[in-house]
There are 2 protein chains.
Amino acid sequence: MLTRQRKSLILERLKADGQIVAKGFALETGLSEDTIRRDLRELAGEGLLQRVHGGALPASPAVADLSKRQHIATDGKAAIGRAAAAMVRPGQFVFLDGGTTTAQLARRLPHDLKATVVTHSPSIAVELAHHPHVTVELIGGRLFKHSMVSVGVAALEAIRRIRPDVYFMGVTGVHEDYGLTTGDPEEAAIKRAICELAAETVVLASHEKLGAVSPCIVVPLSHVSSIIAEGPMPAKLDARLQDLKVGIVTV
Amino acid sequence: MLTRQRKSLILERLKADGQIVAKGFALETGLSEDTIRRDLRELAGEGLLQRVHGGALPASPAVADLSKRQHIATDGKAAIGRAAAAMVRPGQFVFLDGGTTTAQLARRLPHDLKATVVTHSPSIAVELAHHPHVTVELIGGRLFKHSMVSVGVAALEAIRRIRPDVYFMGVTGVHEDYGLTTGDPEEAAIKRAICELAAETVVLASHEKLGAVSPCIVVPLSHVSSIIAEGPMPAKLDARLQDLKVGIVTV
DNA sequence: CTTGACATTACACGATATTGCACGAATGAT
DNA sequence: ATCATTCGTGCAATATCGTGTAATGTCAAG
């Protein structure tokens, strides 16, 4: 990777996330920490960003407006995204769910990854536009604005035609008895369909989802291959997952 | 290999990949690194690319992502967007093309408008998420990242099932003889399909598009109901449009 | 056909830039 | 106060750059 590209990548990320963590960024990009640190120092010298211990912040503190702050995902979601991104193998055919956590995943995919990503979320698609070697396949349908995903029969029909290697699913509840749940019945149906077609299903769950239950059941826990969760797993849920031989990754 | 060929090969590759690595390119082409470097230096001298250590990057930050381009929308595009937004009637079934101009349209739609908007562009869909009473229908397909629109057979198939009241089309060329043109054949085909299905087609053209021609023909001017253009219309084009009874709105 | 002017290319080499590593200093967390 | 990170600097290894030079190829005039 060329120096210039690296630097613009850093600035881009900085604008998107509102921060850069030197070590994390080095890991994501596969570059050495030294190089990243050097770049950060130089960019700071040019006044393009503000160097801080551990990473960097945008040069102008004005960027800290409220709308952007909302977009800054919690550290937990970022960590989940990073862990999930690391699971994607080159050449795979991946289905990405909608939601802020999966958006983090999309952003964290290695910059040089060659793969095909299918999604029913326009915001995820926009996110993936920056990845030069990722082919994006968009699932159409009626847009459910709350979650920013396509739903309805058109979406279902399009989904039925694909067989993803792995489905990264976002949910609002992961419960030992009720399984995976979400708030909208249409969305639940779509998730269910994808889950049944995908060879593997990986669930991304930030802390508040663990042990929680939402109105609509997606699938029981037995349909899940792995779960990437934030923080400590509640004992009951953990036991249940172990029982079902579901892979557990905590970040 | 001739110098000219080499140079155009370099520029072509640069446009496709967004970067050139001197050593790698030399290896691929079987040419010596010196030659490549010389070419790069010369091209940089002509301002056709940007020389960096290790290779070269595109001269214009035109490759800068669409989101950036949207934010620097010209006043003209904003005005076109506003005029077009005013044409939308409540309850209509509208197809919105991708592109920066149509993004302006989406942003300018009255906040209380009740209508259905179909689009094959995820960025337009994201834009429309803020409109509480607009139902959004997304057309899926393979994502053509340059323009951020779905293309391919899947997109075409989905489009064939709808009959929009009005199609707001963006193009890169509006010419008295060649009609409407754009840069990508797939995209042109999609535009053509939508145009044929829509009851009305309204073309949005910022100033630089008037009288211009791009490689791929979409449809002749006779297929257009109205055109919303920025600034003075070239005389020939104006005459031709009048002839064909195409409505003309200048902003 | 030969010759010489000119352009292009490949190679050599010193100069410069980049990178990764080591180590002591600085920083932040416990 | 202690400890683990993170930082910054110096340094050596490597990669890349630009220039000079010789070799090769092209072309037109003689």
Side-chain angles (χ1 to χ4, degrees), chain A residues 1-14 17-59 61 64 72 74-83 86 108 110-113 132 207 230-232 250-251, chain B residues 1-14 17-59:
Chain A
M1 160 136 3
L2 273 42
T3 309
R4 262 319 210 336
Q5 288 183 303
R6 235 174 27 228
K7 290 192 179 175
S8 56
L9 189 66
I10 289 175
L11 292 175
E12 206 174 297
R13 168 64 72 84
L14 194 54
D17 285 10
Q19 66 170 120
I20 293 270
V21 178
K23 188 168 188 174
F25 193 79
L27 243 57
E28 279 172 49
T29 54
L31 300 161
S32 86
E33 287 183 46
D34 290 272
T35 304
I36 299 302
R37 268 198 269 276
R38 222 188 309 266
D39 286 341
L40 292 180
R41 239 172 304 167
E42 284 170 18
L43 288 168
E46 294 170 41
L48 295 170
L49 53 75
Q50 195 185 340
R51 189 81 172 83
V52 297
H53 196 90
L57 295 173
I72 296 176
T74 62
D75 290 349
K77 287 190 179 179
I80 292 174
R82 198 154 34 230
R108 256 75 188 185
H111 195 255
D112 57 350
L113 176 75
H207 186 64
E230 176 196 2
T250 49
V251 297
Chain B
M1 159 142 5
L2 273 46
T3 309
R4 272 293 194 43
Q5 288 182 301
R6 237 173 26 231
K7 290 193 178 175
S8 58
L9 187 65
I10 289 175
L11 292 176
E12 209 172 293
R13 170 65 71 88
L14 194 54
D17 288 7
Q19 68 169 111
I20 293 272
V21 178
K23 189 170 188 173
F25 193 77
L27 242 59
E28 274 177 55
T29 55
L31 300 161
S32 85
E33 288 183 45
D34 293 85
T35 305
I36 301 301
R37 268 199 269 276
R38 216 190 325 267
D39 288 340
L40 291 181
R41 241 172 316 188
E42 285 170 18
L43 288 168
E46 295 170 41
L48 295 170
L49 53 75
Q50 198 183 345
R51 189 80 172 83
V52 298
H53 195 92
L57 295 173

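Sequence lines set the chain letters: A, B, ... in the order given, protein chains first and strands last, and positions in each chain run from 1.
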Roughly how many Å is it from [atom1] in [X] to [atom2] in [N], rounded to a whole number?
X: B/R6; N: C/dA10; atom1: CZ; atom2: P; answer: 8 Å
X: A/F25; N: D/dT5; atom1: CZ; atom2: P; answer: 22 Å
X: B/D34; N: C/dG14; atom1: CG; atom2: C1'; answer: 15 Å
X: A/R41; N: C/dT18; atom1: CZ; atom2: C1'; answer: 13 Å
X: B/L27; N: D/dA15; atom1: CG; atom2: P; answer: 13 Å
X: A/E42; N: D/dC7; atom1: CD; atom2: C1'; answer: 15 Å
X: A/K7; N: C/dT19; atom1: NZ; atom2: P; answer: 9 Å
X: A/R51; N: D/dT9; atom1: CZ; atom2: C1'; answer: 14 Å

Given DNA chain C, 5'-ward residue of the pair A/L2 and B/E33, judged by closest heavy atom: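 By nearest-heavy-atom nucleotide position, the 5'-most residue is B/E33.
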
Using 0.5 Å steps for rounding, measure from the CD1 atom of A/I36 to the NZ atom of A/K23. 13.5 Å

Enter the distance from A/Q5:CD to A/T3:OG1 here, rounded to the nearest 0.5 Å. 9.0 Å

Over all strands shown, is B/V52 touching base, sugar-phosphate only, or nothing at heavy-atom distances under 4.0 angstrom? sugar-phosphate

Side chain of [X] (C-beta onward), nearest among [options]:
X: A/A22; options: D/dT9, D/dT19, D/dC7; value: D/dC7
X: A/S32; options: D/dG18, C/dA10, C/dG20; value: C/dG20
X: B/R37; options: D/dC7, D/dC17, D/dT9; value: D/dC17
X: A/H53; options: D/dC17, C/dC21, D/dT5; value: D/dT5

Salt bridge check, B/E28 against B/R13: does any charged N sit closer than 4.0 Å to a carboxylate O? yes

Just checking A/E46: does its CD atom have more than 12 heavy atoms from other residues, nucleotides or ligands closer to it than 6.0 angstrom?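 For A/E46, atom CD is crowded (more than 12 foreign heavy atoms under 6.0 Å).
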
Tell me whether the OP1 or OP2 atom of C/dA10 has a side-chain N or O from B/T35 closer than 4.0 Å.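 The answer is yes; a side-chain N or O of B/T35 sits under 4.0 Å from OP1 or OP2.
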
N/O (side chain, A/K23) to phosphate O (OP1/OP2, D/dT6) under 4.0 Å: yes

Would you state whether a donor and an acceptor, one from the side chain of A/R38 and one from the base of C/dG20, lie under 3.5 Å apart? yes

Salt bridge (Lys or Arg N to Asp or Glu O under 4.0 Å) with B/E42: which of B/K7, B/R6, B/R51? B/K7

